[in-house]
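Presented below is the structure to which this report refers.
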Amino acid sequence: MTASPLRLGVNVDHVATLRNARGGRHPDPLRAAEIAVAAGANGITAHLREDRRHIRDDDMERLKRHLTVPLNMEMAATSEMVEIALRLKPHATCLVPERREERTTEGGLDAAGQRAELEPRVKALCAAGIRVSLFVAPDPVQLDAAVAVGAPVVELHTGAWCEAIAAGEAAAARAELDRIVQAARGARARGLEVHAGHGLDPLTAETIAALPEVVELNIGHWLVAESVFDGLEGAIRRMLAAMKRGRGGAPARN
Ligand SMILES: CC(=O)[C@@H](O)[C@H](O)COP(=O)(O)O
Ligand SMILES: NCC(=O)COP(=O)(O)O
């Protein structure tokens with residue numbers, strides 16, 4: 001399969017985490033998003049959590065109003081969030097699982113276990129012209145459920161693989177990467193667009209970039225953390241270079 005262009009979605013959640021640490025307005029996620037776009041990001045991702053621990057409603061509204069690239073709104077599949085998305089009309093939404101007590105997204109959306117609730121909400125978002133993605137584990141059961149509820153896109157959760165690498169668990173990492181590779185192929189075979197994200201750094205992003213089925217990576221925490229040392233523009237340029245090496249060609253332009 002020839003590899004199509006690969007997009008980078010920069011997640012600005014943790015710029016808001018830093019801002020909220022002091023309750024002010026600095027650093028501004030919108031300014032970070034504008035810097036990211038200037039550095040070559042193809043889109044911006046932001047997660048409006050039910051507890052608003054980082055991105056807040058006003059951030060999402062300003063991102064939607066001012067961005068010159070697609071906005072991907074991550075959200076739980078709740079009626080509250082669907083209502084906000086239908087009002088805001090971001091380019092895309094990515095439905096993610098949420099638990100207030102979690103530190104970060106811990107697993108993929110259990111689309112298979114909640115098809116009845118998901119289907120009408122996915123359909124309503126699609127009918128509003130919003131591209132809907134489901135953030136799922138690399139599991140064929142979840143891919144089937146994504147098709148069943150009418151979601152055109154899946155974002156494969158790369159967190160378990162990245163954590164296995166960080167823990168030095170080589171066998172578990174190999175097994176997790178194989179699940180991702182098989183799921184990317186399986187998603188394409190089901191007619192789904194394939195994205196990936198969570199926990200990626202330049203090394204792991206380079207590996208995922210080599211999967212021709214994957215057309216978008218959403219990356220946030222590593223970029224914001226690295227920006228403390230190297231600036232956001234520098235961190236993004238390193239990430240784009242890694243994606244390009246992995247892909248063996250130039251990353252997508254909008
Ligand atoms: C779904 C996902 O992996 C992330 O984009 C998500 O935003 C993680 O949640 P936090 O950003 O709150 O860590
Ligand atoms: N959906 C993944 C995302 O947007 C960013 O995840 P992370 O890079 O912050 O772990």
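These figures come from a predicted structure and were not determined experimentally.
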Atom [atom1] in [X], atom [atom2] in [Y]: separation rounded to 0.5 Å?
X      : Y      : atom1 : atom2 : answer
Leu177 : Arg174 : CG    : CZ    : 10.5 Å
Met73  : Thr45  : CE    : OG1   : 12.0 Å
Glu213 : Leu156 : CD    : CG    : 10.0 Å
Leu88  : Leu71  : CG    : CG    : 7.0 Å
Asp144 : Arg115 : CG    : CZ    : 9.0 Å
Thr17  : His221 : OG1   : NE2   : 8.0 Å

| Salt bridge present between Glu61 and Arg87 (N-O < 4.0 angstrom) | yes
| query | Can a salt bridge be assigned to the pair Glu233 and Arg237 using a cut-off of 4.0 Å between side-chain N and carboxylate O? | reply | yes
| request: Could you state whether Val12 and Leu18 fall into the same hydrophobic cluster, counting links through intermediate Ile, Leu, Val, Met, Phe, Trp or Tyr residues with side-chain heavy atoms under 4.5 angstrom apart? | output: no
| same_hphob_cluster(Leu8, Val153) at 4.5 Å side-chain heavy-atom cutoff | no
Where is the tightest heavy-atom contact between [X] and [Y], given as atom of each residue plus distance?
X      : Y      : value
Asn42  : Leu6   : OD1-O, 4.1 Å
Gly107 : Pro97  : O-CG, 3.1 Å
Ala196 : Ile208 : CB-CG2, 3.9 Å
Lys64  : Lys89  : CE-O, 2.6 Å
Pro90  : Ile130 : O-CG1, 3.6 Å
Met81  : Ala76  : CB-O, 3.3 Å

State, yes or no, whether a side-chain contact exists between [X] and [Y] at a heavy-atom distance under 4.5 Å.
X      : Y      : value
Ser79  : Arg121 : yes
Ile219 : Ile236 : no
Lys244 : Glu206 : no
Cys162 : Leu200 : yes
Val10  : Leu223 : yes
Met243 : Leu217 : yes
Val82  : Leu86  : yes
Gln142 : Leu134 : no

| request: Could you list the residues that satisfy side-chain contact (heavy atoms from CB on, under 4.5 Å) with Gln114, not counting sequence neighbours? | output: Leu109, Asp110, Glu117, Leu118
| message | Could you work out, with side-chain contact (heavy atoms from CB on, under 4.5 Å) as the rule, every residue matching Cys94, not counting sequence neighbours? | response | Asn72, Glu74, Val96, Ser133, Phe135, Glu155
| Worked check of side chain to side chain contact (heavy atoms under 4.5 Å, CB included) between Arg19 and Arg56 | CA-CA 11 Å; Arg19 177 200 55 199; Arg56 294 186 173 146; 4.2 Å; yes
| query | How are the rings of His157 and His198 set to each other: parallel, tilted or perpendicular (split at 30° and 60°)? | reply | tilted
Side-chain donor-acceptor pairs of residues 27-40 under 3.5 Å, sequence neighbours excluded:
{"from": "Asp28", "atom 1": "OD1", "to": "Leu30", "atom 2": "N", "distance (Å)": "2.9"}
{"from": "Asp28", "atom 1": "OD1", "to": "Arg62", "atom 2": "NH1", "distance (Å)": "3.4"}
{"from": "Asp28", "atom 1": "OD1", "to": "Arg62", "atom 2": "NH2", "distance (Å)": "2.9"}
{"from": "Asp28", "atom 1": "OD2", "to": "Arg62", "atom 2": "NH1", "distance (Å)": "2.9"}

Quick one: does [X]'s side chain have a donor or acceptor within less than 3.5 Å of a partner on [Y]'s backbone?
X      : Y      : result
Asp201 : Trp222 : no
Arg247 : Ser4   : yes
Arg53  : Arg103 : yes
Asn20  : Gly23  : no
Glu176 : Ala160 : no

| request: List the steps and the verdict of side chain to side chain contact (heavy atoms under 4.5 Å, CB included) for Glu193 and Val215. | output: CA-CA 7 Å; Glu193 181 174 308; Val215 296; 3.5 Å; yes
| said: Apply side chain to side chain contact (heavy atoms under 4.5 Å, CB included) to residues Arg190 and Leu143 and explain how you reach the verdict. | reply: CA-CA 8 Å; Arg190 291 168 172 81; Leu143 302 182; 3.7 Å; yes
| query | Under 6.0 Å from the CD atom of Glu102, do we count more than 12 heavy atoms belonging to anything else shown? | reply | yes
| field | Check against side chain to side chain donor-acceptor pair (under 3.5 Å), Glu216 and Asn218 | value | CA-CA 7 Å; Glu216 182 171 305; Asn218 284 296; 3.1 Å; yes
| task | Begin with the C-alpha distance, continue with both residues' side-chain angles, and end with the deciding distance and a verdict on side chain to side chain contact (heavy atoms under 4.5 Å, CB included) for Met75 and Glu80. | result | CA-CA 10 Å; Met75 55 185 249; Glu80 177 199 14; over 6 Å; no
